[in-house]
Enquirer: 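Questions regarding the structure given below will be posed in turn.
Quantities reported herein were computed from a predicted structural model and do not represent experimental measurements. Residue numbering restarts at 1 for every chain, and letters A, B, ... go by the order of the sequence lines.
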Number of protein chains: 2
Amino acid sequence: MEDVKLLTCNEKIRAIHDTMDVLSGKWKVSIIACLCYKGMRYSELKREVNGISGKMLSRELKDLEINKLIERTVEHTKPVCVYYKITPYGASLKELTEVIATWGLKHREMITQ
Amino acid sequence: MEDVKLLTCNEKIRAIHDTMDVLSGKWKVSIIACLCYKGMRYSELKREVNGISGKMLSRELKDLEINKLIERTVEHTKPVCVYYKITPYGASLKELTEVIATWGLKHREMITQ
DNA sequence: CGGAATCCGCGCGGATACTG
DNA sequence: CAGTATCCGCGCGGATTCCG
């Protein structure tokens with residue numbers, strides 16, 4: 001966490017690009033944050049991540065699963081029930097989601113004052 | 001910083017959306033991070049933020065200026081010289097850029113191992 | 001219920017050329 | 001030097017419909 005301050009500007013930019021490649025799009029951070037709270041089903045996730053369409057949710061979830069940030073489990077009931085949960089690796093993004101959320105709160109105060 | 005842990009899931013998602021609205025696109029975080037190091041001219045910024053096109057740099061800088069995160073100063077020399085620097089408000093994003101960069105480093109280790 | 005398939009518009013984003 | 005203007009393709013992202 002502290003070693004980042006030893007980076008040159010260029011190294012830091014590269015590191016930021018690496019993160020942004022994984023978290024690109026406007027929904028992934030929200031999905032990660034949700035699943036950091038608790039595992040959820042598809043429909044529950046769609047409700048929590050306010051405003052996302054079904055197609056985008058499927059797409060983003062697939063991306064996140066490929067990158068090993070979340071895990072997908074299918075329960076073969078009728079009708080089927082699909083469960084998503086964060087992986088230990090994905091959970092390493094929790095601090096990031098909190099910093100982003102904290103800044104969002106301050107920003108809202110700022111623009112509404 | 002700590003109060004974010006008191007948020008409900010929904011409040012946190014809203015806060016994240018608020019941040020993402022300002023930092024959307026794949027370049028803004030990098031630009032902010034750069035200008036947190038030091039003020040820079042347009043051409044210098046274009047070199048540091050690796051891979052960005054001139055059009056996108058102009059566009060992103062305009063967005064960031066509108067949101068009061070950066071400041072633009074024109075020196076009327078010939079040829080003109082335009083200087084960008086972070087505002088105090090924009091500097092409040094520094095922790096965010098560091099957390100993102102730190103995770104990017106860990107992620108690179110992860111995927112290259 | 002949890003998607004996949006399809007259609008479609010809009011805007012991102014690159015390349016190039018041009019301007020003060 | 002620091003942009004703006006133009007062209008253009010691609011993919012985001014919503015809406016709707018269909019499927020197992």
Enquirer: From CG of A:Leu23 over to C1' of D:dC12, roughly how many Å is that when rounded to an integer?
Expert: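 Rounded to the whole Å, the gap is 17 Å.
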Enquirer: Does A:Arg59 place a side-chain N or O at less than 4.0 Å from the phosphate oxygens OP1/OP2 of D:dG13?
Expert: no
Enquirer: Assigning hydrophobic clusters by single linkage (Ile, Leu, Val, Met, Phe, Trp, Tyr; side-chain heavy-atom cutoff under 4.5 Å), is A:Ile13 placed with B:Leu105?
Expert: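 Each belongs to a different hydrophobic cluster.
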Enquirer: Please list all pairs passing the ring-ring contact (aromatic ring centres under 6.0 Å, His included) test where one or both residues lie in residues 10-35 of chain A, with sequence neighbours left out.
Expert: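 For residues 10-35 of chain A: A:His17-B:Trp27, A:Trp27-B:His17.
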Enquirer: Over all strands shown, is A:Tyr83 touching base, sugar-phosphate only, or nothing at heavy-atom distances under 4.0 angstrom?
Expert: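 The residue A:Tyr83 makes no contact with any strand.
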Enquirer: Quickly work out the B:Leu57 CG to C:dA15 C1' distance and round it to whole Å.
Expert: 16 Å
Enquirer: Quick one: on DNA chain D, does A:Gly51 or A:Val80 contact a more 5' nucleotide (nearest heavy atom)?
Expert: A:Gly51
Enquirer: Of all the nucleotides listed (C:dG13, D:dG13, C:dG2), which has the minimum atom distance to the side chain of B:Met56?
Expert: C:dG13
Enquirer: In terms of side-chain heavy atoms of A:Pro79, which of C:dG2, C:dC1, D:dG3 is nearest?
Expert: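 Among the listed nucleotides, the one closest to the side chain of A:Pro79 is C:dC1.
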Enquirer: What is the distance, rounded to the nearest whole Å, between atom CD of B:Glu65 and atom C1' of D:dA2?
Expert: 14 Å
Enquirer: Send over the distance from B:Lys26 NZ to C:dG13 P, rounded to a whole Å.
Expert: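 Result: 6 Å.
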Enquirer: Taking CD1 from A:Ile52 and P from C:dG3, how many angstroms apart are they, rounded to a whole number?
Expert: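 Checked: the CD1 to P distance equals 12 Å.
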Enquirer: Are B:Ile16 and B:Val99 connected, step by step, through hydrophobic side chains (Ile, Leu, Val, Met, Phe, Trp, Tyr) whose heavy atoms are closer than 4.5 Å?
Expert: yes
Enquirer: Name the stems that DNA chain D belongs to, where each is three or more consecutive Watson-Crick or G-U pairs with both distances under 3.5 Å?
Expert: C:1-20 with D:1-20
Enquirer: In whole angstrom, what separates B:Asp63's CG from C:dG11's C1'?
Expert: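 About 13 Å, once rounded to whole Å.
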Enquirer: Taking the side chain as every heavy atom from C-beta outward, state whether A:Met110 and B:Tyr89 have any atom pair closer than 4.5 Å.
Expert: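 When only atoms from C-beta onward are counted, B:Tyr89 and A:Met110 do touch, with a gap below 4.5 Å.
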Enquirer: Within the 4.5 Å heavy-atom criterion, are B:Val29 and A:Met20 side-chain neighbours or not?
Expert: yes
Enquirer: For B:Ser58 and D:dG3, is the shortest distance between a side-chain N/O and OP1 or OP2 below 4.0 Å?
Expert: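 No, no such contact exists.
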Enquirer: Are B:Arg72 and D:dG3 close enough that a side-chain N or O sits under 4.0 Å from OP1 or OP2?
Expert: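 Yes, because at least one side-chain N or O of B:Arg72 sits under 4.0 Å from OP1 or OP2 of D:dG3.
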Enquirer: Do B:Thr97 and A:Lys12 get their side chains close enough for a donor-acceptor pair, meaning under 3.5 Å?
Expert: yes
Enquirer: Apply salt bridge (Lys or Arg N to Asp or Glu O under 4.0 Å) to the pair B:Glu48 and B:Lys38, showing each step before the final yes or no.
Expert: CA-CA 12 Å; B:Glu48 293 294 323; B:Lys38 63 185 185 74; over 6 Å; no
Enquirer: Any chance you could measure A:Cys34, atom SG, to B:Asn10, atom CG, to the nearest 0.5 Å?
Expert: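 Result: 7.5 Å between the selected atoms.
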Enquirer: For a quick check of understanding: with a heavy-atom distance under 4.0 Å over all strands, which category does A:Arg41 fall into, base, sugar-phosphate or nothing?
Expert: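 A:Arg41: backbone/sugar contact only, no base atoms under 4.0 Å.
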Enquirer: Verify the contact: side-chain N or O of B:Tyr84 to OP1 or OP2 of D:dG3, cut-off strictly under 4.0 Å; return yes or no.
Expert: yes
Enquirer: Rounded off to whole Å, could you give me the CD-to-C1' distance for the A:Glu60 and D:dG13 pair?
Expert: 10 Å
Enquirer: Of the candidate nucleotides C:dG3, D:dT4, D:dG3, which contains the atom at the shortest distance from the side chain of B:Lys62?
Expert: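 So the nucleotide nearest the side chain must be D:dT4.
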Enquirer: Can you measure B:Lys78 atom NZ to D:dG3 atom C1' for me and round it to whole angstrom units?
Expert: 19 Å
